[in-house]
Amino acid sequence: MWKDWIRPLVRPLPQWSTIALAPPQHAVTATLRWEGSSADVTVDHTVASLNPLVIATSVDAGQHAVLEYRDNKTSRLLGVLHLVRDPLEIEAPSLALYRVASGEHYCLSWPRRTWNAWLQNRLMLKHRSSNGLNTDPVAVQQLMVAYLCPKPVVLVAVNTDEHQNLFPMDLIGPLERSGYFSLALRSTNVSVPILREARRVALCHVPATMKQVVYQFSAHHKNALTDWSALSFPVRSSREFGIPAVAEALRVQELTIVHSQEIGLHTFFICRVVSDEAGVQVAQLHHTAGFYQDHRRRRHVPFDEV
Ligand SMILES: Cc1cc2nc3c(=O)[nH]c(=O)nc-3n(C[C@H](O)[C@H](O)[C@H](O)COP(=O)(O)O)c2cc1C
């Protein structure tokens with residue numbers, strides 16, 4: 001069809017693709033390389049802040065490092081981020097922070113890659129005030145490279161006597177070697193002061209079928225929840241903290257917050273996992289980069305899109 005041919009010429013690929021995936025993802029491996037050394041950081045790197053774009057890891061890779069994302073089936077290099085050690089002091093000596101200096105992906109062939117980035121950037125600048133990311137197109141392009149490793153989506157449950165809330169997050173993850181688990185939350189989120197004080201939270205790993213609900217709950221980044229009983233789905237108490245958690249979650253993890261630090265527009269929470277309860281075994285909602293889904297679609301192995 002001529003429309004299939006003309007579409008990529010005039011319309012950019014979506015930045016993100018929402019997919020259904022059984023966790024943990026085994027599609028992509030992330031490797032950190034520096035001065036002749038390398039380490040698998042697939043479950044040992046997270047986004048600490050979007051603006052500036054900062055990556056946290058428990059691997060000390062010196063001053064300059066390269067983060068590579070590779071497709072496990074084909075061994076093909078999908079994208080790279082060039083990292084520079086961030087001088088920011090952090091009260092967790094086993095963690096290193098790296099600023100993203102530059103990045104590129106190889107999911108599209110050269111002319112299309114450049115053209116698609118140009119179309120995406122033009123659209124971002126047009127909708128700058130409403131894109132929710134508060135960062136410039138170059139950093140968003142680099143962030144998309146970080147999403148080559150599909151990121152699981154959770155609903156974060158917060159509950160104190162005065163405040164309750166449930167909102168979606170995907171800038172989360174384990175920092176395996178140090179045993180930490182981190183969350184990067186925009187400092188304007190209404191629950192940030194409560195999290196800093198209460199220091200406890202429950203992560204509900206949500207089924208892909210809950211996508212609509214999850215997106216509706218992004219409003220709760222700005223407005224706290226008024227009443228747990230008003231939810232359209234059942235909740236049950238988390239094991240140790242008794243925080244209301246999504247009953248149909250694949251997994252509920254309770255975290256204690258051991259340290260929090262503002263980095264740019266985000267608050268970076270460093271946590272320890274207190275409990276980890278398995279629930280239903282279904283596909284989880286994930287986000288990946290739109291150009292990776294397009295690359296897989298052209299190879300006839302797309303992720304299930306929801
Ligand atoms: C699925 C999903 C995951 C999100 N993950 C995060 C996150 O990890 N950290 C964060 O600060 N905000 C996260 N957000 C919130 C958005 O970035 C944004 O702040 C929120 O939707 C409010 O948008 P607005 O400020 O444009 O109104 C997420 C939103 C959605 C829908």
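In listed order, ligands and their atoms are each counted from 1.
Distances below 4.0 Å separate heavy atoms of Ala184 from the following atoms of ligand 1: 7 (C), 8 (O), 9 (N), 10 (C), 11 (O). Short contacts between ligand 1 and Leu185, defined as distances under 4.0 Å to a heavy atom of the residue, involve ligand atoms 10 (C), 11 (O). Distances below 4.0 Å separate heavy atoms of His266 from the following atoms of ligand 1: 11 (O). Atoms of ligand 1 lying under 4.0 Å from any heavy atom of Ser218, numbered from 1 in the order shown and given with element: 21 (O), 31 (C). For ligand 1 and Lys222, the ligand atoms under 4.0 Å from any heavy atom of the residue are 24 (P), 25 (O), 27 (O). Residue-ligand proximity, His287 to ligand 1, at heavy-atom distances under 4.0 Å covers atoms 1 (C).
With side-chain heavy atoms closer than 4.5 Å counting as contact, directly or through intermediates, Val301 stands alone and belongs to no larger hydrophobic cluster.
In this structure, Tyr292 has its ring center at least 6.0 angstrom away from the ring center of Tyr147. Taking the six-membered ring wherever Trp is involved, the centroid distance between the rings of His45 and Tyr69 falls below 6.0 Å.
Proximity of Arg186 to ligand 1, defined as any heavy-atom pair under 4.0 Å, is shared by backbone and side chain alike.
For the pair Asp170 and ligand 1, a heavy-atom separation below 4.0 Å is found.
Under 3.5 Å, the side chains of Gln261 and Glu91 contain no donor-acceptor pair of N or O atoms.
Comment: Glu68 engages Arg33 in a salt bridge, judged by a side-chain N to carboxylate O separation of less than 4.0 angstrom.
Each of Glu254, Arg200, Gln253 was compared with Ser238 under the side-chain hydrogen bond (donor to acceptor under 3.5 Å, both in side chains) criterion, and only Glu254 meets it.
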